[in-house]
Each structure stands twice: as C-alpha cells, then as structure tokens.
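These notes are about the structure you will find just below.
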Amino acid sequence: MRAFSTLLDSLIYTRSRNAKLKLIADYLRATPDPDRGWAIAALTGPLDLPAVKPAVIRALIEARVDPVLYRMSRDYVGDSAETVALLWPAPEGAGAQPPLSLDAVVTTLARVSRSDAPATLAAMLDRLTAEERFALLKMATGALRIGVSARLAKTAFAQAFGVDVDTVEELWHGLAPPYAALFDWAEGRAAAPDTADLPLFRAFMLAQPLEDLRVSLDDYAAEWKWDGIRVQLVRAGGETRLYSRAGDDITASFPDVAGAFVEDGVLDGELMVKGDAQGVDLGHEGAASFNALQQRLGRKQVSAKMLAEAPAFVRLYDILFDGAVDLRALGWSDRRARLEAFAERLPGDRFDLSALIDAPDFDTLERLRAGARDAAIEGVMLKQRASPYVTGRRAGLWYKWKRDPFTADCVMMYAQRGNGRRSSFYSDYTFGCWTDGGELLPVGKAYSGITDDELKFLDKFVRNHTSGRFGPVREVDKTLVLEIAFDSIHLSKRHKSGVAMRFPRIARIRTDKPAAEADTIAALKRLVT
C-alpha cells in the first residue's frame, strides 16, 4: 500500500500531464505483480469492492470520533476519504505490524461478506498510515478523482513498456484485473492475449471544436450532432456489448438495444430514447430530449414499464468492423457506404442512420444550424470525407460545431463547498428564477465557467451574505444575478420549477442587474423544444 499511496499523493499535487505520465510509468516498472495490476485497475475504474460502501466508512469513523466533529470536519475538508484518513485514531503499536500489500487489501475486501466488511476494513485502517488510509478509502469507494483519466493511465502503461497505446486499449477490455497477461506481453514474456472472439471496446474517434474555422463541403460531410450518449455496439463470439465513450459496459441498462444487435461487427452511434420530432425536418424518426434518456442511465435492471415508456434506439454514425473485417483504415466515404449496407440488416425500430445534411455550401449550413432548435440536436458534425477512423482527436479530421447556447439571468440562492482543490471555497451554486407570483424557485446548479478571480469573488459574497445554514449548504441573500448558459431546457416533473437545464454553467456575474429583473420560469418554459 505504501508505494500506491505515494503514487496517489504525488499525482494529486502534480498538474503537468507529462509529469503524471512519468509518475505512473515509473511506478509500473518498479512495482511487482500483482500490486501494479490492481493499481492500474484502480486508476482506470474497473476495480469493484462491493462490500465497502460510504455508509460503512461513515459508521466506522462515527463510532471512533465524535459524529459532530466528523461532520464539521467533512464539511470543511470537502472529501470523506481525506477526513477519515486524518481523523482515524490508530491504536498504539499499529506501525509495528508488517506492511499491507495492495494485493492483500484488494483480494481480502473483494471476497469479504457485507456483514464482515466493517471489522475487516477497520482492522486494515488500524495498520495503515494516514496516507495509506486515504489511498485505501479512495480506491475502495471508486472515487479517486486525482486528475488521471483512464486514457492517461493506459498511455502511461504504453510509455512504461514501449508498446502501442491503441493496442493496449483494445486488449484492456478483454482482460480482467490484475492484468497479468497484459504485463507479460508488454514486458516481452508472452505473445499478445488472443481476443479475436471477444466483444472488445475500441477507443472512439473524437472531434475538435470548429470555433472560427470555415471548411469546404466538398471535402467535409455534414450531419447533425445528436443529444444522447455516444455508444459503441460490439458483437463477437455470440455476445453483444454496449460501451459508453469512457469504455463502461452499459449493456444491462439497454437490453432492448443489445438484444436487437445480432450482426457481428462494431458500430459507433448515438443512444437515444424515442419521442416526437419537433423543430425542423430532420428526415428521422423523432427522438426525445436527453432528460428522457437520463431516466434509464446507470440502471442495472430495467423494468418492463420503463422499456415500454422509454424505448431506446441508436442513431448510427460510423462502422469500425464489418464482421471480423477491420474498416478503420478506410476513408469516411467508404465506411459510410459499408455502414449503409450494414444498417439494412438491422431492425429499423432499434437502429437508424444519422442522415447527412443537404447543404450546397457553408453559408447554407450555417443558416440550417442556426435554425435547428429540435430537442435532440446539439449542433453539427463535420467529417473529412477521406478521414480514417482513428483514436482520439486528430487535427483537421472531424469537427463539432455546437449550436449557440441559451442564456438566462438567474438569482443565486444557495452555495456549497466544492471538492478537491476547491474544497475551501463555496464553488457550487444553486440558482433560481421567478414565478409569476413573485416566488423564487431553483432551476439549476452550476460550478463551472468561472475564473479563479470570479471564484474568490463569489466565495466572499457567500460568506458575507449568508442568511441560513442547512448542514453543508448556505442560503444567501437573494441579491446576486448570474447569467447562466445552457445547451437546452426540458420540462421535468421531478423539479418544483417544472424545468431542467442541460449542461448549465456560469457565463458571467451580473453585478449590474437587480435581482428583481432576473428571468421568469415562464420565460424559460418558452425555450423548451
């Protein structure tokens, strides 16, 4: 545990991407199996220790430390694992016991029963230093949040052993932690694992923001950018898998889609829920807003009622494999022809093609984009017709041209401390708009879009204008207006205001505007598409 805790501590205080890569690579080269395999699993996300829940950890610390002290400390620190690690009263002589290996911790917690988990976890925490306790708790709850993405960890693995990162990515999803076969291959002791008949995830091709660039539609194809979640459909060896953009297996949440995909291959598309077409003539069956899809995300089991009320489907963008044939090296135009032929073999109630936008020039496309206010559209994609399907963002190949956001002037109502480096600041803000009767109701929450100076200004405002406290939440005087940008807005029965914003962020602080002149909920509802 000591080497792993040192790695986490170093990563937390390192901002440079190259420095983080070196830290992980050095750790992987210096650490023996299987500890390094468990470490890389923790960094990339697939490590699952179901018996260790936040409620178990909270009960353990509150049995050893005054609960009020713990909650006040948690509120101030902003991170449960760090608070517990620092407050934990280790017994005398704990440091004299032999150190715990990462392998011993993971294998023990993976097989412990829920009833035995509290005592087992407590015994481990008694033997560890504060730094090691922090690492264990972060790992056990799956909440590392140390500025390391799964892709960065895999890149560090590739750099550590001088292998291709895309090959690492593809092999990764066919193997289970602690990845002994992957390390054997990377260090030259064995051939690459055989994954030919496994439904593996392949890294997505991503787009760059278009910004102020204009391109020729002779060289680029245009299609709508849909507002669902990007998914990869994979069928091989008689199995079908649905993967999110992060490589998470979401098959169980969408059995209706997975059950309909029975052709061997790998497709790229947008997962959505059926709905009524609105706004513009899109040439597609209607899709509901993201809010409808969100009801099904993250569910391990989906009821028959939900399957009937929110039927899912995939709008297809691209094809990576046709059967066992890898098409990624082909240009987009050739892949598009293969995709159209493949789509004809799929059931039309679960799959359709993302139609190309018929625009003779960029000016026409710009006008079409400006008028596209359908609930399921985020903007426009521009894809170089000759582009192969490559991992990540590559300059000049694909561009995303998101539609201009909506904005609304809202009043700050509540604030809460953030996490990580923002844990000392009130950086999460709930804001509201007025009803026709003059009542202020919450319409959203945002924590992004502000500079460090603006964060300090808002934190000072919260501290100087607190009118009430509710645990970690502060109510503030309803005097400060924030201009909020958001991608779309939808009707919602779950919110008292009746609306829910998509991707709200703070555009600017309106110190020039009286709170009484902020927007109304009625005005927001007129923006619903």
Side-chain angles (χ1 to χ4, degrees), residues 15-17 147 149-152 155 166 203-232 244-247 268-272 279-280 282 289-290 315 317-318 328 331-332 335-336 354-357 359 361-408 446-452 454 483-489 501-508 527 529:
R15 292 196 176 185
S16 164
R17 180 178 184 274
S149 66
R151 180 68 178 181
L152 188 140
T155 302
D166 291 338
F204 282 92
M205 184 170 181
L206 304 176
Q208 294 180 305
L210 186 68
E211 297 177 340
D212 297 327
L213 183 68
R214 295 174 72 87
V215 299
S216 169
L217 297 189
D218 292 333
D219 299 323
Y220 287 82
E223 61 183 294
W224 295 115
K225 186 179 190 302
W226 298 98
D227 189 15
I229 63 167
R230 187 99 173 266
V231 293
Q232 189 174 107
S244 70
R245 201 176 102 171
D268 178 350
E270 197 82 8
L271 180 67
M272 296 187 287
V280 295
L282 306 175
S289 69
F290 184 84
R315 186 148 288 160
Y317 290 147
D318 215 322
R328 288 174 292 179
W332 176 87
R335 292 198 314 280
R336 175 73 186 194
S354 181
L356 303 180
I357 301 173
D361 51 48
F362 199 88
D363 289 338
T364 303
L365 180 64
E366 194 167 23
R367 289 194 294 273
L368 289 171
R369 168 185 167 272
R373 281 297 178 187
D374 186 273
I377 285 182
E378 281 192 314
V380 169
M381 292 292 296
L382 290 158
K383 299 179 178 180
Q384 190 186 86
R385 297 179 187 275
S387 63
Y389 194 101
V390 294
T391 297
R393 291 181 176 86
R394 302 291 178 89
L397 298 185
W398 285 9
Y399 291 106
K400 57 183 176 182
W401 191 18
K402 297 188 76 169
R403 66 185 184 187
D404 296 333
F406 294 107
T407 61
Y447 53 83
S448 62
I450 52 177
T451 66
D452 287 345
E454 288 172 329
E483 182 180 308
I484 303 297
F486 50 98
D487 287 355
S488 58
I489 190 164
M501 291 179 173
R502 175 94 159 114
F503 290 142
R505 59 270 190 193
I506 300 168
R508 59 178 173 147
L527 299 177
T529 52

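All residue numbers refer to positions in the sequence shown, counting from 1.
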Point to revise | T451 side, atom OG1; I506 side, atom CD1 - distance, nearest 0.5 Å | key: 10.5 Å
Practice item. Could you list the residues that satisfy salt bridge (charged side-chain N to carboxylate O under 4.0 Å, His left out) with R230, not counting sequence neighbours? Key: D268
Revision key, fill the gap. Contacts of D219 meeting salt bridge (charged side-chain N to carboxylate O under 4.0 Å, His left out) (sequence neighbours excluded), chain-then-number -> none
Review point. How close do W226 and S354 get, heavy atom to heavy atom, and via which atoms?
Key: NE1-OG, 3.2 Å
**Study point:** Donor-acceptor pair, side chain of R385 and main chain of G331, under 3.5 angstrom
**Key:** no
Check your understanding: A355 and R336: which non-hydrogen atoms are nearest, and at how many Å?
Key -> CA-NH2, 4.3 Å
Review point. From S387 OG over to Y220 OH, what is the distance, rounded to the nearest 0.5 angstrom?
Key: 8.5 Å
**Study point:** By side-chain contact (heavy atoms from CB on, under 4.5 Å) - contacts of L217 (at least two apart)
**Key:** A359, L365, L382
Review point. In Å, rounded to the nearest 0.5 Å, how long is the span from CH2 of W401 to CZ of F362?
Key: 4.0 Å
**Study point:** Non-neighbouring partners of F503 that pass ring-ring contact (aromatic ring centres under 6.0 Å, His included), sequence neighbours left out
**Key:** none
Point to revise | Partner residues of E223 under the salt bridge (charged side-chain N to carboxylate O under 4.0 Å, His left out) criterion, sequence neighbours left out | key: K383
Revision key, fill the gap. So OH of Y399 and CD of E211: to nearest 0.5 Å the spacing works out to 9.5 Å
Study note, to complete from the structure: For T364, the side-chain hydrogen bond (donor to acceptor under 3.5 Å, both in side chains) test, sequence neighbours excluded, returns D361, R367
Check your understanding: Of all residues at least two apart in sequence or in a different chain, which pass the side-chain hydrogen bond (donor to acceptor under 3.5 Å, both in side chains) check with K402?
Key -> D487
**Study point:** F204 backbone acceptor or donor facing Q232 side chain under 3.5 Å
**Key:** no
**Study point:** Interatomic spacing from CD in E270 to CD1 in I229 - rounded to 0.5 Å
**Key:** 8.0 Å
Review point. What pairs with A507 under side-chain contact (heavy atoms from CB on, under 4.5 Å), at least two apart in sequence or on another chain?
Key: E483, A485
Practice item. Verify, without hydrogens or angle tests, whether R403 (side chain) and I377 (backbone) share a donor-acceptor contact under 3.5 angstrom. Key: yes
Review point. Is any side-chain heavy atom of P405 closer than 4.5 Å to a side-chain heavy atom of R505?
Key: yes
Study note, to complete from the structure: In this structure, CG of L213 is separated from CD of Q208 (nearest 0.5 Å) by 9.5 Å
Review point. So with a 6.0 Å cut-off around CZ of R245, is the heavy-atom count from everything else above 12?
Key: no
Check your understanding: Who passes salt bridge (charged side-chain N to carboxylate O under 4.0 Å, His left out) against R151, sequence neighbours left out?
Key -> D166, E169
Review point. Is there a side-chain contact between D227 and R502 (heavy atoms, below 4.5 Å)?
Key: yes
**Study point:** side-chain hydrogen bond (donor to acceptor under 3.5 Å, both in side chains) against R328, all qualifying residues, sequence neighbours excluded
**Key:** E170, D326
Check your understanding: By ring-ring contact (aromatic ring centres under 6.0 Å, His included), which residues pair with Y389, not counting sequence neighbours?
Key -> W398
Point to revise | Contact summary for G228 and M272, nearest pair of heavy atoms | key: CA-CG, 3.9 Å
Point to revise | Shortest non-hydrogen contact between F486 and T407, atoms and distance | key: CE2-C, 3.9 Å
Point to revise | Counterpart residues, side-chain hydrogen bond (donor to acceptor under 3.5 Å, both in side chains), relative to D363 (two or more places apart) | key: R214
